[in-house]
Amino acid sequence: MIKVVFFASLRERFGSSGFAVENNQVESVAGLVKLLELPDGTSFNSIFAQEKLMVAVNQEVVDGDCLITEGDEVAFFPPVTGG
Amino acid sequence: MIKVVFFASLRERFGSSGFAVENNQVESVAGLVKLLELPDGTSFNSIFAQEKLMVAVNQEVVDGDCLITEGDEVAFFPPVTGG
Amino acid sequence: MYLRIRVQEANFSPAEVFKTLREASNGVGAICTFTGLVRDLNDDAEVTGLFLEHYPDMTEKQLVRIVENASQRWPLIGVSIIHRIGKLVPGDEIVLVAVAASHRGEAFSACEFIMDYLKTQATFWKKEVGADGEKWLTMRDSDQTAADRWQP
Amino acid sequence: MYLRIRVQEANFSPAEVFKTLREASNGVGAICTFTGLVRDLNDDAEVTGLFLEHYPDMTEKQLVRIVENASQRWPLIGVSIIHRIGKLVPGDEIVLVAVAASHRGEAFSACEFIMDYLKTQATFWKKEVGADGEKWLTMRDSDQTAADRWQP
């Protein structure tokens, strides 16, 4: 299983803080991005680059080429705005 | 009268925090500097430029060309070291 | 090096942080602190509150890395970072970064470096509550520019 | 702009200064503070105490001028400066400069600017007391360099 989590505006747009996916469905971050869809039917892929969304695998920021393996935690979030 | 004051190491070297001079003795800061002598006989003029000493007339930093008039306060001090 | 990183809902005492850093070493000659507060105006719109969320664990790891990078650039004696999450109102403290060093240049630079990277790399997000409802804030270009200037 | 300048023998409370600046305006989004402390070592020599003297009145005028110059460069909401004189021992606070502004870049820059000019223009002098007796400190070249970099 892969654990997928969302933060901030993405959490609200997905209406979910995350879910689990079967490992055999995805090989890379880019593959996972293509698989996801917002509740209104928008493909996640179409907003991912456009909104400069970020992704972290096991709490390390990575890019779309990053491979995903069993047990990984994949987090999607907008650019940070703390401080 | 002109009020002459010394601070920090200069106060200690002159053995005095200051004194008054007759106005008719000096016309400029440079003139006053030439007039002064340390207790050990060293001319103040000889150390003034060498030690990068500073001078303020009426609490404004000036250079040797500054004219002095009746009632002025002339302060000599080493480069500052606060903070 | 003394290092303390806290992400918390509770308010904090800058005085207590300051005291801890002072007492970290008698070699401390300079302490620079930065505190970020909730303003009642942002881009000319009235702000009545903020909601802050973060990515637990990842945030702390990012902050540790930022401090490690700072301590490779400047000799630091102590660093304390507190960042609040949850609901805040105008006037509330959001973040405190305090840096103790031997000399002032190091303390100033490291404190600003840590803040600039915290703003662009630490996984916090702010939602602003105003007269027109709620909205998630977006990163300012000026924040990215501020962080980029530290790069070689 | 809120401005408070104090030259005093007594110790001071950074927390009280911080509180006053926060409360100066709800538009304060950033407070940068710098505190200078007496170190127990200076140029590798043990320090047991410091004696600080200043030029009364002129010091305050110089500090006001430095703050005015800073406020012409950056939009500042409040500035508080406290500088101690008299006898101090290692660990004691010497100086506190605190700057409140809307945004962090302004607060950091103005605070460092004020410190750099305070070190080179404000009429304070330090005498160091150590194992080998007393000696008046001389200005470091690095302090002049730090002030010079603000010039256009």
Side-chain angles (χ1 to χ4, degrees), chain C residues 13-19 21-44 46-48 77 89-105 107-116 118-119 140 142-143 145-146 149, chain D residues 13-19 21-44 46-47 50 77 89-105 107-116 118-119 140 142-143 145-146 149:
Chain C
S13 155
E16 181 255 317
V17 172
F18 185 84
K19 187 167 178 290
L21 279 183
R22 282 180 63 170
E23 291 169 357
S25 155
N26 269 341
V28 174
I31 297 179
C32 180
T33 75
F34 176 83
T35 309
L37 304 161
V38 182
R39 298 165 65 214
D40 57 359
L41 275 182
N42 189 22
D43 295 334
D44 295 327
E46 197 186 329
V47 175
T48 56
I77 296 173
V89 297
D92 277 351
E93 284 98 345
I94 305 170
V95 62
L96 171 69
V97 172
V99 175
S102 294
H103 304 290
R104 79 181 182 289
F108 270 115
S109 296
C111 191
E112 193 164 15
F113 175 98
I114 292 169
M115 270 307 302
D116 287 344
L118 182 154
K119 295 282 282 188
R140 292 171 193 267
S142 59
D143 285 330
T145 308
R149 82 200 144 109
Chain D
S13 153
E16 181 255 319
V17 172
F18 185 84
K19 187 166 177 292
L21 279 183
R22 280 180 64 170
E23 291 168 358
S25 155
N26 269 341
V28 175
I31 297 179
C32 180
T33 75
F34 176 82
T35 309
L37 304 161
V38 183
R39 298 165 65 215
D40 57 359
L41 275 181
N42 190 22
D43 296 336
D44 295 327
E46 196 185 332
V47 175
L50 277 189
I77 297 173
V89 296
D92 277 351
E93 283 98 347
I94 305 170
V95 63
L96 172 68
V97 172
V99 175
S102 295
H103 304 289
R104 78 181 183 289
F108 271 116
S109 295
C111 190
E112 193 163 15
F113 175 98
I114 292 169
M115 270 308 301
D116 286 344
L118 183 155
K119 295 284 282 189
R140 293 171 191 267
S142 59
D143 286 329
T145 308
R149 82 200 144 108

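Every heavy atom of this structure was used, including side-chain atoms; hydrogens, water molecules and symmetry mates were not. On a predicted model such as this, the values are computed, not experimentally measured, just so you know. We name chains A, B, ... by the order of the sequence lines, and we start the count at 1 in each one.
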My understanding is that only residues two or more places apart in sequence, or in another chain, count here; which of them pass side-chain hydrogen bond (donor to acceptor under 3.5 Å, both in side chains) with C/Thr35?
none
Can a donor-acceptor pair be found, under 3.5 Å and without considering hydrogens, that links the side chain of C/Asp116 to the backbone of C/Phe113?
no
Interface moiety of D/Ile31 toward chain C, non-hydrogen atoms closer than 4.5 Å
both
Which residues in residues 95-105 of chain D have any heavy atom closer than 4.5 Å to a heavy atom of chain C?
D/Ser102, D/His103, D/Arg104, D/Gly105
Please round to the nearest 0.5 Å and tell me the distance separating atom CE of C/Met115 and atom CZ of C/Phe34.
4.5 Å
Under 4.5 Å, counting heavy-atom pairs only, tell me which of D/Ala107, D/Cys111, D/Pro90 racks up the most with chain C.
D/Cys111
Among D/Ala146, D/Gly27, D/Gly36, D/Gly91, who wins on heavy-atom pairs under 4.5 Å with chain C?
D/Gly27
Does any backbone or side-chain atom of D/Lys119 lie under 4.5 Å from a heavy atom of chain C? Answer side chain, backbone, both or neither.
side chain
Is the number of heavy atoms from other residues, nucleotides or ligands under 6.0 Å of C/Glu46 CD greater than 12?
no
Return the option, out of C/Leu41, C/Val38, C/Ile94, C/Thr33, with the maximum number of heavy-atom pairs under 4.5 Å with chain D.
C/Thr33
In terms of heavy-atom pairs under 4.5 Å with chain D, the winner among C/Ser142, C/Cys32, C/Ala15 is C/Cys32
Quick one: closest heavy-atom pair of C/Pro14 and D/Phe18, and the distance?
CG-CE2, 3.7 Å
Measuring from atom CZ of D/Arg39 to atom CG of D/Asp92, what distance do you get when rounded to the nearest 0.5 angstrom?
15.0 Å
Okay, C/Ala30 and chain D: the region with an atom under 4.5 Å from a heavy atom over there is both
